[in-house]
2 protein chains.
Amino acid sequence: MADVARAAGVSVMTVSNVLNDRLPVGEPTRARVMAAVDELGYQVNLTARHLRAGRTDTIAFIAPSFHDYFGEVADRLALPIEAEGRHLVLARTAASPEEEMEALSAARLHLYDGVLLSVAGLDSDRLERVRTAKPLVLLGERDAPERFDHVRLANEEGARLATAHMIDGGSRRIVALGGTIDPGHTMSSDRRLGWERAMTDAGLGVDPRYVVPFPVYSSAAARDALLAVIDSGLPFDGVFSTTDVVALGAISALSERGLRIPEDVQVTGFDNLEMAQFVPPGLTSVDANHEELAEKAVGILHRRIAGWDGPAEHVVIPVRLVVRGSTRGQA
Amino acid sequence: MADVARAAGVSVMTVSNVLNDRLPVGEPTRARVMAAVDELGYQVNLTARHLRAGRTDTIAFIAPSFHDYFGEVADRLALPIEAEGRHLVLARTAASPEEEMEALSAARLHLYDGVLLSVAGLDSDRLERVRTAKPLVLLGERDAPERFDHVRLANEEGARLATAHMIDGGSRRIVALGGTIDPGHTMSSDRRLGWERAMTDAGLGVDPRYVVPFPVYSSAAARDALLAVIDSGLPFDGVFSTTDVVALGAISALSERGLRIPEDVQVTGFDNLEMAQFVPPGLTSVDANHEELAEKAVGILHRRIAGWDGPAEHVVIPVRLVVRGSTRGQA
DNA sequence: CTGTTAGCGCGTTCAA
DNA sequence: TTGAACGCGCTAACAG
């Protein structure tokens with residue numbers, strides 16, 4: 001910037017004023033400055049600007065990975081953020097356990113004006129240790145310290161809807177694929193709870209053999225788990241899948257064993273990812289309402305950044321069932 | 001930091017030295033400093049550190065969206081980047097055409113030590129205008145100015161492999177779904193070219209009616225396009241899809257019209273996304289070799305950041321066909 | 001081992 | 001309308 005000023009025969013402040021349209025600058029001066037800028041290929045140093053300004057106009061979304069669900073959510077989050085003139089960047093929570101959530105270090109969080117943090121893959125210990133002076137909104141389906149703003153889905157209700165819908169369609173023995181019986185609230189236990197409630201409401205027993213947990217929510221793990229169930233001979237005629245990615249694994253397993261969807265087995269997912277529309281015969285799924293989720297979470301964050309200082313908000317986003325070919329019956 | 005120094009009764013440099021393990025610091029002093037740090041909840045300001053250091057130890061991957069292909073690639077890119085002790089962040093090229101690639105402004109690129117830029121969705125004009133002093137490596141399947149380092153896939157060869165494989169399996173009339181007849185090299189025209197070569201090699205004619213272009217590579221667009229083909233009565237027994245996402249749309253359309261895969265119609269994709277393994281009957285796809293792609297692209301970028309100054313590299317990553325249930329015949 | 005000085009590049013504040 | 005001084009928070013280099 002000093003170089004530009006020298007080349008144009010003005011002070012650095014005049015350059016700054018020209019570039020930011022701040023104070024009025026004489027037309028001939030402005031022209032000389034712009035010429036010098038072009039000549040030298042000058043570009044502002046945003047790092048310096050950020051230091052000076054004390055803000056970066058950037059919000060980070062931090063999630064365990066960039067795949068599937070997180071990618072789709074991120075694209076949604078971008079809209080309200082960009083609408084406010086800020087930027088969105090994504091970062092991963094450190095993959096290596098050694099690094100102890102490097103991406104979550106207080107210092108790194110400091111690089112952004114605010115942070116949207118997915119709680120997936122973070123245990124309560126880690127969450128408890130997250131410290132930051134900057135605004136932070138949690139996103140996701142597990143219990144977290146009360147002090148944080150937190151936006152999550154109506155997991156139990158969504159799971160209940162999906163399961164009840166399969167019961168309406170004639171299923172009586174429904175596997176809760178990816179469900180767990182954790183204490184406290186996690187995505188898998190909340191959704192299992194909804195499944196349980198639907199079964200109970202319908203007067204069907206809750207048999208623990210139908211709760212099939214696995215460690216990681218991948219299609220591969222889901223597929224293997226359901227293959228094992230099929231091969232064990234346990235009879236079932238419905239699969240409530242904890243997520244769409246899990247449902248895809250289930251569909252793969254059923255197809256491999258020659259079971260027809262929905263004739264032999266109904267299947268539901270959760271999240272309503274884009275692929276749910278296209279995987280034959282169309283996956284009935286609980287719509288995670290990414291639009292409203294993004295709107296709410298980003299809204300809270302923007303208010304916090306603006307200095308709002310109310311008590312921590314805990315928002316539950318309503319969900320709805322989207323019925324497709326993988327189930328019988330009506331919505 | 002000054003506050004910490006005051007509280008500990010030392011100079012700011014000592015605080016800095018303690019925090020960075022730079023110069024040796026006496027044990028009692030160090031203890032007092034750490035106590036003050038804890039007390040005050042102090043955290044380094046990375047913005048200031050970056051300004052001072054002239055680098056951010058951060059690499060950006062900039063792509064049109066965070067979905068599907070880009071999310072999977074990003075997760076791969078993270079590995080070699082983190083292995084070198086740097087951080088990866090993702091940013092989107094501005095969605096709104098008005099904003100004129102805000103994310104690509106030279107100033108923003110300056111925030112990172114280096115940039116991996118997906119050329120998808122950027123026309124040559126925009127690419128031509130990209131200026132940055134910082135190292136930048138292009139990723140993706142279209143022509144770009146020679147002056148850039150560029151890593152892309154063996155698109156034509158991959159498409160040829162996939163198409164030839166379907167011909168081996170008995171298909172004679174193969175739709176190039178998402179193919180185009182652009183001048184120059186784009187993803188869709190290169191892949192269409194490979195399809196064409198396989199057809200020609202096999203002595204099958206190349207009928208332009210079998211090239212089905214559409215504007216955006218979504219499953220929805222692909223589905224609609226293939227439905228139109230089916231309903232037009234044009235006979236076909238194979239679908240070479242430009243991407244896996246396109247293939248998913250094709251599978252959806254075929255299923256909706258009651259056509260069996262692979263008995264009535266063989267289908268191939270390109271990218272070998274994770275879902276390709278799970279969508280029944282398993283999608284035969286050209287493996288985009290994300291691992292090698294990431295290795296090469298990040299390798300070049302790291303060398304550039306280290307100051308290496310060779311001529312622009314243009315790397316083509318070899319691909320291979322992964323055969324699954326959506327086609328007959330052997331690999 | 002610890003402190004002082006200086007400057008990374010910008011923009012706010014005040015003076016001219 | 002333009003310029004000079006100052007400091008955002010940090011660390012390299014040197015002095016003590």
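When reading the values below, keep in mind they use all heavy atoms of this one structure, side chains included, and skip hydrogens, waters and symmetry mates. The sequence lines fix the lettering, A, B, ..., with proteins before strands; numbering per chain opens at 1.
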Item checked: Gap separating the OH atom of A:Tyr112 from the CD1 atom of A:Ile59, nearest 0.5 angstrom ->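 So the OH of A:Tyr112 and the CD1 of A:Ile59 are separated by 12.0 Å.
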
Item checked: From B:Ile317 atom CD1 to B:Lys296 atom NZ, the distance as rounded to the nearest 0.5 Å -> 6.0 Å

Nearest-Å distance, [atom1] ([X]) to [atom2] ([N])?
{"X": "B:Glu27", "N": "C:dT2", "atom1": "CD", "atom2": "P", "value": "10 Å"}
{"X": "A:Asp57", "N": "C:dG11", "atom1": "CG", "atom2": "C1'", "value": "14 Å"}
{"X": "B:Leu23", "N": "C:dT2", "atom1": "CG", "atom2": "P", "value": "10 Å"}
{"X": "B:Leu111", "N": "C:dG9", "atom1": "CG", "atom2": "P", "value": "14 Å"}
{"X": "B:His50", "N": "C:dC8", "atom1": "NE2", "atom2": "C1'", "value": "13 Å"}
{"X": "B:Asp21", "N": "C:dT2", "atom1": "CG", "atom2": "P", "value": "14 Å"}
{"X": "B:Leu51", "N": "C:dC8", "atom1": "CG", "atom2": "C1'", "value": "4 Å"}
{"X": "B:Arg22", "N": "C:dC1", "atom1": "CZ", "atom2": "P", "value": "17 Å"}

Quick one: does [X]'s side chain have a donor or acceptor within less than 3.5 Å of a partner on [Y]'s backbone?
{"X": "B:His87", "Y": "A:Arg92", "answer": "no"}
{"X": "A:Glu141", "Y": "A:Leu153", "answer": "yes"}
{"X": "B:His150", "Y": "B:Gly140", "answer": "yes"}

Margin query: Taking only side-chain N and O atoms of B:Thr14, does any of them lie within less than 4.0 angstrom of OP1 or OP2 on C:dG3?
Written below: yes

If you look at every strand shown and take non-hydrogen atoms under 4.0 Å, does [X] touch a base, only sugar-phosphate, or nothing?
{"X": "B:Gly54", "answer": "nothing"}
{"X": "B:Asn20", "answer": "sugar-phosphate"}
{"X": "B:Val44", "answer": "sugar-phosphate"}
{"X": "B:Met1", "answer": "base"}
{"X": "A:Thr47", "answer": "nothing"}

Next item on the list: For A:Asn45 and for B:Arg30, locate the closest nucleotide of DNA chain C by heavy-atom distance; then report the residue assigned to the nucleotide nearer the 5' terminus.
Entry: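 Its nearest nucleotide being more 5', the pick is B:Arg30.
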
Next item on the list: Please figure out whether A:Arg32 or B:Met13 has its closest DNA chain D nucleotide nearer the 5' end.
Entry: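 Looking at DNA chain D, the more 5' nearest nucleotide goes with A:Arg32.
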
Margin query: Under 4.0 Å between a side-chain nitrogen and a carboxylate oxygen: does that hold for A:Asp123 and A:Arg129?
Written below: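 Salt bridge: no.
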
Item checked: Basic-acidic side-chain contact under 4.0 Å: B:Glu292, B:Arg76 ->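 No, B:Glu292 and B:Arg76 are not salt-bridged.
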
Note to self: For a 4.0 angstrom threshold against heavy atoms of chain A, report the outermost contacting nucleotides of DNA chain D in 5' to 3' order.
What the structure shows: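 Reading along DNA chain D, I get D:dT1 to D:dG9.
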
